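Below: the structure, in structure tokens.
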Number of protein chains: 2
Amino acid sequence: MRVTQASTGRKIIAAAERRMRECGFHGFSFRDIAADVGIKSASVHHHFPTKEDLGAAVASAYTKRLMDALGDPNDPVRMPEDLIELYVDLYRRALQKGKGRQTCLGGVIACELASLPENVARAGVEFFESSAGWLEAVLRRRSPQAEPEATRAQALRILALLQGATLIAKTLDREDVFEVVAKSALE
Amino acid sequence: MRVTQASTGRKIIAAAERRMRECGFHGFSFRDIAADVGIKSASVHHHFPTKEDLGAAVASAYTKRLMDALGDPNDPVRMPEDLIELYVDLYRRALQKGKGRQTCLGGVIACELASLPENVARAGVEFFESSAGWLEAVLRRRSPQAEPEATRAQALRILALLQGATLIAKTLDREDVFEVVAKSALE
DNA sequence: GTCTATAATTTGATAGAC
DNA sequence: GTCTATCAAATTATAGAC
């Protein structure tokens, strides 16, 4: 069994991600994070001087974790159909792991966009671009002869569907809403 | 030409809705709203004693405005297909009117849910339930013989699609993303 | 790297005059 | 109904001891 190092910096990022996905960027404070981790707020500032630094670190770690979990969209060993299922499954597991209380970080950034520090907003753009790009590559493999615009549209459709499904499932506290909607992403 | 009364209360709600849909519930202050309307923050409190009152008023006015614009889903004069187009068009116009900077209020409430006052969170639940219920009624007319679960699923699918499309279009500052995704809502 | 202490600002909210 | 003035609390952030 592999033990992953949980340094204080990582614990802070994990706590901030959870808070951000439950409450939004303006919905938590350095003191909240400090209490979650079991330290004082001044110590949080030692690791991430400003809230912008913390938010940007959370968002880029989030994107990296997702992209690492997805892997190479052109990996010949994996079928495009399986990769799309993998994509849907990552959203499903994120919802379950957060007990239906967390939305995708991309959605959070979208909703607060105009009030976010520059680097956090930019990380949101990168998240959506990475996600859409990965899906596009997978769909291109599945239908190589399709029009590029149609492939792009299909990628955005899947992304939008999962984003929306997560929002609704969270608000109505009905994880089955996610399942019902996600099924149509595979069509 | 009909002149709509723009009382101070209404102006406050309009300003707060805009701020909330651009920045989130925690992304604006009473002073921001006061400046938008051209009064002082104490005067805003006169109309809406607490921020919870203001947020709940914004959300219920928002839901009411949407449902009024949608009208009776069982109106025999209007074809179900046209009603779905009307629904999509309301999202489209909301995005255009806000110059691509505003998301649906339902999505905002979803993202900040755990940090919102009770009445604001509840208004978000009501928004999604009203929306899904209206769509369900329209789709039932279009396919009366369909399984109720399938009709419900289709309604949630359209709702999720438009929610997600709005988030992505706002973040990437690409209104065409909305068009590309919304097209598949009509299928 | 963590702590105590505190600065500087903002925020939601109230009292009371006009 | 709007204003000035103000409060109490919370927030981000820093200084400096250990």
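Remember, it's a predicted structure, so these values are computed and weren't measured experimentally. Heavy-atom basis, side chains included; hydrogens, waters and symmetry copies ignored. To find a chain, count down the sequence lines: A is the first, B the second, and so on, and within it residues start at 1.
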Quick one: [X] [atom1] to [N] [atom2], roughly how many Å, whole number?
X: Phe30(A); N: dT9(C); atom1: CZ; atom2: P; answer: 18 Å
X: Ile39(A); N: dT2(C); atom1: CD1; atom2: P; answer: 5 Å
X: Ile33(A); N: dT11(D); atom1: CD1; atom2: C1'; answer: 13 Å
X: His45(A); N: dC3(C); atom1: NE2; atom2: P; answer: 13 Å
X: Phe25(B); N: dT11(C); atom1: CZ; atom2: C1'; answer: 12 Å

Which heavy atom of Val108(A) sits nearest a heavy atom of Thr103(A), and at what distance? CG2-OG1, 3.4 Å
Looking only at heavy atoms, the pair that brings Glu136(B) and Ala155(B) closest together is N-CB, 3.7 Å
Please say whether the positively charged group of Lys51(A), taken as NZ for Lys or CZ for Arg, lies over the ring of Phe28(A), i.e. under 6.0 angstrom from the six-membered ring centre and within 45 degrees of the axis. yes
Quick one: list whatever passes ring pair (Phe, Tyr, Trp, His ring centres under 6.0 Å) with His45(A), sequence neighbours left out. Phe30(A)
Return the OH to CD1 distance between Tyr91(A) and Ile158(A), rounded to the nearest 0.5 Å. 11.0 Å
Output the distance between atom CG (Leu167(B)) and atom CZ (Phe128(A)), rounded to the nearest 0.5 Å. 5.5 Å
Please enumerate all protein N or O atoms sitting under 3.5 Å from an N or O of nucleotides 4-10 of chain D, with distances to 0.1 Å.
none

Shared hydrophobic cluster for Met79(B) and Tyr87(B) (ILVMFWY, side-chain gaps under 4.5 Å): no
Quick one: does Ser143(B)'s side chain have a donor or acceptor within less than 3.5 Å of a partner on Ala146(B)'s backbone? no
Of residues 46-54 of chain A, the positions that come close to DNA chain C - non-hydrogen atoms, cut-off under 4.0 Å: His46(A), His47(A)
